[in-house]
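Keep in mind that the numbers below use all heavy atoms, side chains included, and drop hydrogens, waters and symmetry copies.
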Amino acid sequence: MKLLVTGGAGYVGSVCARRLLECGHTVVIVDDLSTGNADAVPAGAVFVEDDVASAAERVLGGAEFDGVLHFAARSLVGESVDRPEAYWNANVVKTLALLEAMRSSGTGRLVFSSTAATYGSPESVPITEDAPTRPTNPYGATKLAVDHAITSYAAAHGLAACSLRYFNVAGAYAGLGENRLVETHLIPLVLQVAAGQRDEISVFGADWPTPDGTAVRDYIDIRDLAEAHVLALESARPGTHRIYNLGTGTGFSVREVIASCERVTGRTITTRDAPRRAGDPAVLVASGARVQAELGWHPRHTDLDETVAAAWAYQQSLGGRQRYRDSVWS
């Protein structure tokens, strides 16, 4: 297939674009590089540096495409609270422009990068796709709004679509990994402590109702995530919008993640206990029953140390090319 990948210079987008190329697809990437890295664009992809809304009609209208994988978005939870207008514009308004460009050009297949943040604080775990969607921040709300829009386009215009709601993505593949200016994910932040780039890692809450008192999250390896996108693209059916959770069904606590990073790196990680953050749930773990039953997708890389080792190797390979400034994980 000939595919448009928006946000293909970012972490998840670049790895998925690389996997699509390996599967024999033709890939055109559109990314404005506001958060992505030009050197993350995989070899073999055509790269267009532009805003998604500006480029969508021109790119899709200028050539026949079989489908779109839409990763371009703002994704920092804290920033979404401080600047909701930027998130509604980037994540909703620009996606609507993309959907309209797809409709007018006859591009009928879409895989959308959604998020577990659409659920908010869950009533029970593991979280199924039928769980109530009550996002607790504008980031999750904008992603949920796009899911609703896609459902409408599928019903009215025959769009074949899948939304994939990620839990915590980690790891690296084929020289591609997390290298963001503002890092909020736990594993790369802990590895920055191991590398001597940060003094310590904050542990937000040591009194959660979990075995060791720290919050528990479901970590999905980026390699498994990329395979899910390939399957979702191939399985999309006209007039149908399917939504799938992507996780392993197993959770690791903050302290377990830190211990894994210490084992992999052979270095001691300095931690600092901090108060809980408002809106954080104690446990976020996905149910993968639906995606396994309907797409035949099963996570293969479920050893946390293996995922951390891939992330550590990638971080070490960056040397002075790492982009980061102080932040906190979320």
Side-chain angles (χ1 to χ4, degrees), residues 9-19 21-22 36-37 39-40 42-43 116 166-203 210-212 214-230 246-271 284-286 288 297-324 327-330:
Y11 170 43
V12 175
S14 65
V15 174
C16 289
R18 170 64 184 262
R19 190 71 194 100
L21 288 163
E22 291 173 347
N37 308 307
D39 58 3
Y166 314 159
F167 281 63
N168 291 52
V169 188
Y173 175 68
L176 299 168
E178 293 189 74
N179 184 18
R180 293 183 285 202
L181 183 61
V182 179
E183 185 55 74
T184 61
H185 291 170
L186 178 60
I187 288 175
L189 287 176
V190 175
L191 293 178
Q192 286 174 9
V193 177
Q197 296 165 339
R198 297 179 185 272
D199 294 331
E200 60 186 19
I201 189 71
S202 296
V203 177
T210 61
D212 65 14
T214 63
V216 171
R217 298 292 183 266
D218 190 336
Y219 291 88
I220 177 173
D221 192 287
I222 187 68
R223 293 168 289 183
D224 290 325
L225 190 83
E227 290 302 318
H229 285 76
V230 173
L246 292 185
T248 66
T250 300
F252 293 95
S253 73
V254 173
R255 296 208 189 280
E256 287 175 323
V257 170
I258 293 170
S260 174
C261 292
E262 289 183 323
R263 288 192 298 271
V264 167
T265 65
R267 303 178 186 185
T268 300
I269 307 296
T270 300
T271 65
L284 283 177
V285 173
W297 176 83
H298 298 272
R300 298 172 52 214
H301 304 282
T302 57
D303 184 297
L304 182 62
D305 284 8
E306 177 191 347
T307 299
V308 169
W312 177 241
Y314 171 73
Q315 188 181 100
Q316 294 292 97
S317 75
L318 289 174
R321 296 181 294 113
Q322 187 162 352
R323 309 163 70 229
Y324 71 92
S327 183
V328 295
W329 64 272
S330 63

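- Taking 4.5 Å as the limit, every side-chain heavy atom of Ile201 sits out of range of all side-chain heavy atoms of Thr270.
- The residues Glu227 and Arg19 are annotated as salt-bridged, a charged nitrogen and a carboxylate oxygen being separated by less than 4.0 angstrom.
- Of the possible donor and acceptor atoms, one in the side chain of Asp218 sits under 3.5 Å from a partner among the backbone N and O of Ala286.
- Here the side chains of Arg255 and Val203 are in contact, with some heavy-atom distance below 4.5 Å.
- Residues Asp212 and Ser253 share a closest heavy-atom pair of OD2-OG, 2.6 Å.
- Between Asp224 and Leu246 there is no side-chain heavy-atom pair separated by less than 4.5 Å.
- Contacts of Tyr166 classified as ring-ring contact (aromatic ring centres under 6.0 Å, His included), with partners at least two apart in sequence or in another chain: His229.
- Within the 3.5 Å criterion, the main-chain N or O of Val254 finds a donor-acceptor partner in the side chain of Thr214.
- Scanning all heavy atoms of the two residues, the minimum distance from Gln316 to Ala195 falls at OE1-CB, 4.3 Å.
- Looking at every heavy atom in both residues, Ala226 comes nearest to Cys16 through CA-SG, 3.8 Å.
- Between Thr302 and Asp221 the shortest side-chain heavy-atom distance does not fall below 4.5 Å.
- Counting only distance, with no hydrogens or angles, the side chain of Arg18 and the backbone of Pro42 share no donor-acceptor pair below 3.5 Å.
- Using modelled atom types, no side-chain atom of Ser260 and backbone atom of Glu256 make a donor-acceptor pair closer than 3.5 Å.
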Practice task
Determine, stepwise, if the pair Thr271 / Ile258 fulfils side chain to side chain contact (heavy atoms under 4.5 Å, CB included).
Solution key: CA-CA 9 Å; Thr271 65; Ile258 293 170; 3.7 Å; yes
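- Side-chain contact between Tyr173 and His301: absent, with no pair of heavy atoms (C-beta onward) separated by less than 4.5 Å.
- Residues Val169 and Tyr11 meet the side-chain proximity criterion, which asks for heavy atoms closer than 4.5 Å.
- A donor-acceptor pair is defined here as one N or O able to donate and one able to accept, closer than 3.5 Å; no such pair exists between the side chain of Trp297 and the backbone of Leu225.
- Put simply, OG on Ser14 and CG on Asp39 are 9.5 Å apart, with the number rounded to the nearest 0.5 Å.
- Remark: the backbone N or O of Ile269 is paired with a side-chain donor or acceptor of Glu262 at under 3.5 angstrom.
- Between the CG atom in Leu186 and the CD atom in Glu183 there is a gap of 10.0 Å [rounded to 0.5 Å].
- Between Glu178 and Arg180 a salt bridge is recorded (basic side-chain N to carboxylate O distance below 4.0 Å).
- For the salt bridge (charged side-chain N to carboxylate O under 4.0 Å, His left out) condition, the pairs that include at least one residue of residues 304-313, sequence neighbours left out, are Arg223-Glu306, Arg263-Asp305.
- By the 4.5 Å heavy-atom criterion applied to side chains, Val285 and Phe167 are not counted as neighbours.
- Applying side chain to side chain contact (heavy atoms under 4.5 Å, CB included) to Cys261 and the options Val190, Leu304, Val193 leaves one that passes, Val190.
- Considering only heavy atoms from C-beta on, Ile187 comes within 4.5 Å of Tyr219 through its side chain.
- Counting all heavy atoms, side chain and backbone alike, Ala172 lies closest to Ala310 at CB-O, 3.6 Å.
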